[in-house]
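In what follows, a single structure is set out as structure tokens and then discussed.
Numbers for residues simply follow the sequence, beginning at 1.
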Amino acid sequence: MSTAHDHPVGPFASEPAHPLRTIRDIRESLPPDQVAHFDAELAVTDLDDLPAMLTRWATIAHDGFEDFLLETPFEGLDFGARTYDEPQGPE
């Protein structure tokens, strides 16, 4: 007899992988230019592949990357400088 569990165990077992729980949540969280792509993929996705497709889009929609870019998009960047540029010494 096995004591293995079918469900994950540990501190994160009851926490969802992402806060988006419905297809509507996913659609509303996407940028407007991505909604048509989501709808098109949803329309042709096989039912067996639907959970993976929705999980992927939910992760994309809520990965925080866009928020990160909008918060401080150019902080710490020095435009115009190249790492291979060396100060020219007297020749």
Is there side-chain contact between E28 and V35, with at least one heavy-atom pair below 4.5 Å? no

So do the side chains of L54 and F38 get within less than 4.5 Å of each other, counting heavy atoms only? yes

Please list, chain by chain and in numerical order, all residues satisfying side-chain contact (heavy atoms from CB on, under 4.5 Å) with D33, sequence neighbours excluded. P31

Say whether L47 and L42 are linked into one hydrophobic cluster, either directly or through other cluster members, by side-chain heavy-atom distances under 4.5 angstrom. yes

Enter the distance from I23:CD1 to L50:CG here, rounded to the nearest 0.5 Å. 6.0 Å

Please report the interatomic distance CH2(W57) to CD(Q34), rounded to the nearest 0.5 Å. 5.0 Å

Any donor-acceptor pair under 3.5 Å linking the side chain of D25 with the backbone of T22? yes

Same cluster for I60 and M53 if Ile/Leu/Val/Met/Phe/Trp/Tyr side chains link at under 4.5 Å? no

